Chemist: 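For reference, the structure I am asking about is given below.
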Amino acid sequence: ALKSVLRTKVPFKVGRMCYSSSSVPTTKLFIDGKFVDSKSSEWLDIHNPATNEVIARVPKATQEEMQAAVDSCSRAFHSWSETSILTRQQVFLRYQQLIKDNIKELAKSITLEQGKTLADAEGDVFRGLQVVEHTCSITSLMLGETLPSITKDMDTYTYRLPIGVCAGIAPFNFPAMIPLWMFPMGMVCGNTYLLKPSERVPGCTMLLAKMLQDAGAPDGTLNIIHGQHDAVNFICDNPAIKAISFVGSNQAGEYIYERGSKNGKRVQSNMGAKNHGVVMPDANKENTLNQLVGAAFGAAGQRCMALSTAILVGEARSWLPELVQRAKALRVNAGDQPGADVGPLISPQARDRVCSLIQSGVDEGATVLLDGRDVKVKGYENGNFVGPTIIGNVTPNMKCYTEEIFGPVLVVLEADTLDDAISLVNRNPYGNGTAIFTTNGATARKYTHEVDVGQVGVNVPIPVPLPMFSFTGSRGSFRGDMNFYGKQGIQFYTQIKTVTSQWKAEDATLKSPAVTMPT
Ligand code: NAD
């Protein structure tokens, strides 16, 4: 039912292309509280990654449409930022319930456009929902500070205030969670929000926008535009936009960080990863191998926190054949099929890229221990599937190690000692996530203290922090000063005003001008 509100089947023209009489559904823009058809002449196809059928189209919003969206945000900011914090809290209390009520429908739209399994898609929504639930604590999260009597009759206090129109630019791999890291946090602080979802998976975001409207968010508080580079440049350059939250690749993230910062905006940019799982020989073998396999191949490896690199330390090297056996047992299938463990990659280009990175390992002397390149999925022969792949004998100079693969591929390196493993992880340019598997507390402590990575798991393969903490990332995986959600998220979306006030009794009134610096 919700979907029919958001997409219409209307004939439309794309220049002289053959789409002119198409009845494929088109994705709307959300401007000033209305879901509107774009007047753009440029459209992109959205494919079901399991079949490569075109399931919808998304417009590249025109400059006028993008300007209308940001103007709507600017107008709405005046009243939304002055709306009582309890009213804003109520909107998000209703919102979290609506998301819970519609979790299955949201998950279905994710699986259709992104390809991940339905169970995993529900997890995608659920991790975003947790951030929305956390925004409902805004009445304590946004408290300022006070210090009474800093001098006679004088008190100082701070307000944490919204900053204005904020914008978010999202990637394809978490169609619910990552948009939900962005606009709920920004809006509950009193900002208005312009969101550009990934042009490859916009459907879930549109459903989320409709639910937010149903939860009572006033018109203009959230606007949604679609597009690629022009939309990104518009966001980086538009003077009304004060802050940009970006999640995606390094190529886009570094560009957006630089262009946005140069224009005086706050930018937080979460980027690529190469996450290492360090396996110590004293680890619980059964647990560790299952965790490694789940974290390497879940979501077909298209997670920024996927454990895509294993370092087997000392005698843990001998566990490799068993690791391969477990990975082999995973079922590759379309995400909506019962029992599917590993769904398709997002596009044929992504599939080709992953296969060529596997081949580069072979060419550089590594050994493919499990090869998913020729996987066939019955009934889905045109899908972008790659089966679980494990590459052994990998060394740090190989391309399959230096590049983020973003597919169901685990590269395996070996180390003699924990120190060697730490040094390997710290030499890698990325610092998003890592995990160590051990039963020794001292080993775990040494690793967590010495490794230069934002998120560390001890016997936890995907240590994505809950929203009362912040999602971090260091070195090549993050640019900016303040991270997503948690306390850092509140800081990112607010600014501080300090008020110093003096209220003197009548008989203490100043009798002459004080020309020296007050001390
Ligand atoms: P992407 O960078 O291709 O796209 C992200 C957004 O940037 C999209 O909205 C897209 O339209 C825009 N974009 C793409 N290329 C651009 C360019 N050259 N200039 C300006 N804008 C551009 O990323 P993706 O493929 O959608 O997502 C996968 C990447 O995201 C992986 O590298 C993954 O590690 C990363 N990621 C990181 C995190 C994190 O928190 N660190 C989380 C999820 C995904």
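Order of appearance sets the numbers: ligands from 1, and atoms from 1 within every ligand. None of the values given here were measured: they were computed from a predicted structure. All heavy atoms count here, side chains included; hydrogens, waters and symmetry mates do not.
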Chemist: Which residue is it: Asn173, Thr111, Asp124? I am looking for the one with a side chain to side chain donor-acceptor pair (under 3.5 Å) to Lys116.
Modeler: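 Exactly one pass, corresponding to Asp124.
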Chemist: Using every non-hydrogen atom in the two residues, find where Lys399 and Ser360 come nearest and quote the distance to one decimal.
Modeler: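 Nearest pair, atom of Lys399 first, then Ser360: CB-OG, 3.8 Å.
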Chemist: Can you tell me if CD on Glu381 sees more than 12 non-hydrogen neighbours from other groups inside 6.0 Å?
Modeler: yes
Chemist: Identify all pairs of nitrogen or oxygen atoms, one from ligand 1 and one from the protein, separated by less than 3.5 Å, and list them with distances.
Modeler:
| residue | atom | partner | partner atom | Å |
| --- | --- | --- | --- | --- |
| ligand 1 | 2 (O) | Ser249 | N | 2.9 |
| ligand 1 | 2 (O) | Ser249 | OG | 2.5 |
| ligand 1 | 9 (O) | Ala170 | O | 2.8 |
| ligand 1 | 9 (O) | Lys196 | NZ | 2.9 |
| ligand 1 | 11 (O) | Lys196 | NZ | 3.0 |
| ligand 1 | 11 (O) | Glu199 | OE1 | 2.7 |
| ligand 1 | 11 (O) | Glu199 | OE2 | 3.4 |
| ligand 1 | 18 (N) | His229 | NE2 | 3.4 |
| ligand 1 | 23 (O) | Ser249 | N | 3.4 |
| ligand 1 | 25 (O) | Arg200 | NH2 | 3.1 |
| ligand 1 | 26 (O) | Phe172 | N | 3.0 |
| ligand 1 | 30 (O) | Gly248 | O | 3.3 |
| ligand 1 | 32 (O) | Glu404 | OE1 | 2.7 |
| ligand 1 | 34 (O) | Glu404 | OE2 | 2.6 |
| ligand 1 | 40 (O) | Asn270 | ND2 | 3.1 |
| ligand 1 | 41 (N) | Met271 | O | 2.8 |

Chemist: Has Lys100 got more than 12 heavy atoms of other residues, nucleotides or ligands less than 6.0 Å from its NZ?
Modeler: yes
Chemist: Using modelled atom types and a 3.5 Å cut-off, is there a donor and acceptor pairing between side-chain atoms of Thr117 and backbone atoms of Gly335?
Modeler: no
Chemist: Between the side chains of Glu199 and Lys60, is the shortest nitrogen-to-carboxylate-oxygen separation below 4.0 Å, so that they form an ion pair?
Modeler: no
